[in-house]
K.L.:
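Okay, handing you the structure first.
None of these values were measured; they are calculated from a predicted model.
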Amino acid sequence: MKRYFIVNEFFGIRVYDSIKKKEFYFAKEEEDKIKSLLNGDYNLIDNRLENQMSAPLKISMNLTKKCNLRCKQCFSDSGTIKAKELTTQEMFKLFDDMQKYGTFFICLGGGEPFTREDLFDILEYGNKKQLAISIVSNGLLLNEQIIDKLNKENIDTLWISLDGLEKNHEFLRGKGTFQKALDAISLISRKFTRKKAIRISLNNKNIGEYKELIKIAEENNFDLIRFTPILSFGRAKQEDLTITQDQYIDFINKIKQVESKIEIVYPTKPNKDKFWVGTNGFGCHCGKEAVWIDEIGDYSPCIFYGPEYTLGNIKKDDYMELWKKSLFISNFKGNEVCLNCKNYKDCRGGCRFRVLEAFGNFDDVDPLCPLRRNLIKNNP
């Protein structure tokens, strides 16, 4: 079994290291040098497309609707299984296609992934296909035996969702859930051997608690904490949780000043690795570098766009044809404000769902633009 995968792309090559679960990007002029350094220990994948990625870099996936909680902000409206979900064999077929065409990263959420009885069969097969699999969990079902099994399957990242300190977390997730989440974080800190991460959905209740949340991650020796503004979708649409532009700008300005021993990720933080950004079309990575698959196999550029943007289903449709549909529907024209902004490569124009919800199109300026460029546009 070869360790590396080289994928030909319009800008050069991608190199995936299946041991370290990392991907690296190189321009065309570096291709021969990189191949020589790898000394034949690679598989070559060539589905190169003009000015677009040859396959998704990452898949985000709702593995099940089943969940042990009924969180008020759940974007997928999870709780109980409502339709026939993907079978174990259908998940295996997805992993086969991912490896074949050069998609190496998948993040499994829900619902609660640990409610699926076949989860470890799925993880074992993904490990055999050399994929980097991450799991997002509320943490309540974790124990030492499960962590040991996750370590055996070489899981890339284990994410725990935390929605603020005790009052705010339990307002959304239920009484007693905060301490259980902390217990899970402590268990992961002691036992899990790969990347440990906390994800925070920023809302108008927890936005002032970021320092304390970072401290929790630091004290438990986590690798990463990520802050993402909550979106008005699913059950969250029934709650008054979204943040204002002023709150967002204040948060971004403050989080930039925080020094930490762990990685802090927020929407406008630059990603210098993806040097081609801006040459593969306007807008965020959704539909152009990443896609979403739900628990029944429906495929879309982004789940937040809504069911009208479902492009097909992996049970019956070809992997690459779905990807090409995604590239086509995500070919936004953009706007002069964003396209002429020196910060475009940092934020990529912001969230296209927020634009769709606010203006009914994908091309306008993000309502949460941290530079207030939307106000400049609307009031020249």
Side-chain angles (χ1 to χ4, degrees), residues 60-62 65 67 69-79 82 107 109-112 136 138 159 161-164 167-174 199-210 213 226-252 255 265-268 283-287 290-295 298 300-310 329-330 332 335 338 347-370 372-375 377-378:
S60 293
M61 186 170 190
N62 287 350
K65 280 275 192 184
C67 191
L69 295 179
R70 302 293 185 272
C71 303
K72 293 181 181 180
Q73 84 288 9
C74 181
F75 70 85
S76 61
D77 193 20
S78 291
K82 300 176 182 177
C107 186
E112 172 55 49
V136 179
N138 59 42
W159 291 88
S161 296
L162 201 60
D163 292 310
K167 178 182 177 181
N168 289 326
H169 183 87
E170 296 196 354
F171 168 76
L172 295 172
R173 293 186 177 257
R199 55 184 289 170
I200 315 290
S201 292
L202 278 178
N203 60 61
N204 55 26
K205 298 181 183 297
N206 69 14
I207 195 167
E209 299 177 339
Y210 63 93
L213 296 171
R226 186 178 75 185
F227 296 89
T228 307
I230 197 167
L231 297 174
S232 181
F233 194 83
R235 288 204 288 268
K237 201 171 183 67
Q238 311 305 317
E239 303 288 335
D240 181 21
L241 295 169
T242 55
I243 59 178
T244 66
Q245 185 181 36
D246 286 339
Q247 287 175 318
Y248 184 59
I249 291 172
D250 182 61
F251 168 77
I252 292 296
I255 200 78
V265 177
Y266 49 90
T268 63
C284 69
H285 69 282
C286 294
V291 295
W292 203 291
I293 299 173
D294 73 10
E295 69 285 344
D298 282 347
S300 61
C302 175
I303 196 171
F304 295 104
Y305 292 175
E308 58 268 39
Y309 290 93
T310 297
I329 202 171
S330 303
F332 311 134
N335 60 82
C338 292
C347 75
R348 304 189 66 166
C351 175
R352 293 299 93 196
F353 167 74
R354 285 196 295 261
V355 172
L356 179 65
E357 184 181 44
F359 306 115
N361 66 73
F362 287 107
D363 297 307
D364 220 310
V365 183
D366 187 342
L368 292 190
C369 173
R372 297 189 186 276
R373 296 300 297 273
N374 51 319
L375 297 184
K377 177 178 185 291
N378 295 332

K.L.:
With a 3.5 Å distance limit and no angle check, can you tell me whether Arg352 reaches the backbone of Asn361 through a side-chain donor-acceptor pair?
P.N.:
no
K.L.:
So, does Asp363 use its side chain to make a donor-acceptor pair with the main chain of Phe332 at under 3.5 Å?
P.N.:
no
K.L.:
Do any N or O atoms from the side chain of Glu112 and from the backbone of Asn138 form a donor-acceptor pair under 3.5 angstrom?
P.N.:
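At least one qualifying donor-acceptor pair exists.
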K.L.:
Counting C-beta onward and ignoring hydrogens, is there a side-chain heavy-atom pair between Cys351 and Leu368 closer than 4.5 Å?
P.N.:
no
K.L.:
Just how far is it from atom CD1 of Ile230 to atom OG1 of Thr242, taken to the nearest 0.5 Å?
P.N.:
8.5 Å
K.L.:
With no hydrogens and no angle check, is any side-chain donor or acceptor of Thr268 less than 3.5 Å from a backbone partner on Cys347?
P.N.:
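Flag not set: sc Thr268 to bb Cys347 has no pair under 3.5 Å.
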K.L.:
Indicate yes or no: at least one non-hydrogen side-chain atom of Pro229 is less than 4.5 angstrom from one of Pro267.
P.N.:
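Side chain of Pro229 against side chain of Pro267, heavy atoms only: contact under 4.5 Å found.
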K.L.:
Taking the side chain as everything from C-beta on, heavy atoms only, tell me whether Glu357 gets closer than 4.5 Å to Lys237.
P.N.:
yes
K.L.:
Answer yes or no: is there a side-chain heavy-atom contact under 4.5 Å between Ile207 and Asp250?
P.N.:
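The answer is no; the side chains never approach within 4.5 Å.
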K.L.:
Rounded to the nearest 0.5 Å, what separation is found between the OH atom of Tyr309 and the SG atom of Cys286?
P.N.:
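Spacing of OH (Tyr309) from SG (Cys286) equals 13.5 Å.
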K.L.:
What's the shortest heavy-atom distance between Asp163 and His169, and which atoms?
P.N.:
N-ND1, 3.0 Å
K.L.:
Please tell me whether Asn203 and Gln73 have a donor and an acceptor in their side chains that are separated by less than 3.5 angstrom.
P.N.:
no
K.L.:
Please give me the minimum heavy-atom distance between Tyr266 and Ile252, naming the atom from each residue.
P.N.:
CD1-CD1, 3.9 Å
K.L.:
Looking at Asp77 and Arg235, would you say the former's side chain and the latter's main chain have a donor-acceptor pair under 3.5 Å?
P.N.:
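The answer is no, because no donor-acceptor pair under 3.5 Å joins these two groups.
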K.L.:
Just wondering, do Arg199 and Thr228 contact through their side chains at under 4.5 Å, heavy atoms?
P.N.:
no
K.L.:
Do the side chain of Arg173 and the main chain of Leu162 share a donor and acceptor less than 3.5 angstrom apart?
P.N.:
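No, Arg173 side chain to Leu162 backbone: no donor-acceptor pair under 3.5 Å.
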K.L.:
Quick one: sort the Tyr248 and Phe251 rings into parallel, tilted or perpendicular, breaks at 30° and 60°.
P.N.:
parallel
K.L.:
Is Asn206 reaching over with its side chain to a backbone N or O of Ser201, donor-acceptor style, under 3.5 angstrom?
P.N.:
yes
K.L.:
Do the non-hydrogen side-chain atoms of Val355 and Pro367 ever get within less than 4.5 Å of each other?
P.N.:
yes
K.L.:
For a 4.5 angstrom cut-off between non-hydrogen side-chain atoms, does Phe362 reach Tyr305?
P.N.:
yes
K.L.:
Just how far is it from atom CD1 of Ile243 to atom CD1 of Ile249, taken to the nearest 0.5 Å?
P.N.:
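That separation rounds to 10.0 Å.
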K.L.:
Is the backbone N or O of Leu231 less than 3.5 Å from a side-chain atom of Arg354, with the two atoms forming a donor-acceptor pair by type?
P.N.:
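Here the side-chain-to-backbone pair does not exist.
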K.L.:
Looking only at heavy atoms, which two atoms of Cys284 and Gly350 are closest? And how far apart?
P.N.:
CB-O, 3.7 Å
K.L.:
For the backbone of Lys65 and the side chain of Asn62, can you confirm whether one donor and one acceptor N or O come within less than 3.5 Å of each other?
P.N.:
no
K.L.:
Just verifying a value: how many Å separate His285 NE2 and Cys302 SG, rounded to the nearest 0.5 Å?
P.N.:
8.0 Å
K.L.:
So how far is it from Ile329 CD1 to Thr310 OG1, rounded to the nearest 0.5 Å?
P.N.:
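Taking CD1 in Ile329 and OG1 in Thr310, the distance rounds to 9.5 Å.
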K.L.:
What heavy-atom pair brings Cys107 and Val136 nearest, and what distance separates the two atoms?
P.N.:
SG-CG2, 3.5 Å
K.L.:
Looking only at heavy atoms, what is the nearest atom pair of Gly111 and Cys67, with distance?
P.N.:
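Closest approach of Gly111 to Cys67: CA-CB, 3.9 Å.
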K.L.:
What is the minimum heavy-atom distance between Phe353 and Ser232, and which atoms define it?
P.N.:
CZ-O, 3.6 Å
K.L.:
Under 3.5 Å, side chain of Glu295 to main-chain N/O of Gly110, donor-acceptor pair present?
P.N.:
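Looks like no, no N/O pair under 3.5 Å.
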K.L.:
Can you measure from SG (Cys74) to CG (Leu69) and round to the nearest 0.5 angstrom?
P.N.:
9.5 Å
K.L.:
Could you tell me which residues satisfy side-chain hydrogen bond (donor to acceptor under 3.5 Å, both in side chains) with Lys72, sequence neighbours excluded, listed by chain and number?
P.N.:
none
K.L.:
In plain terms, say whether Glu239 and Lys205 are close enough for a salt bridge, that is, a side-chain N and a carboxylate O under 4.0 Å apart.
P.N.:
no
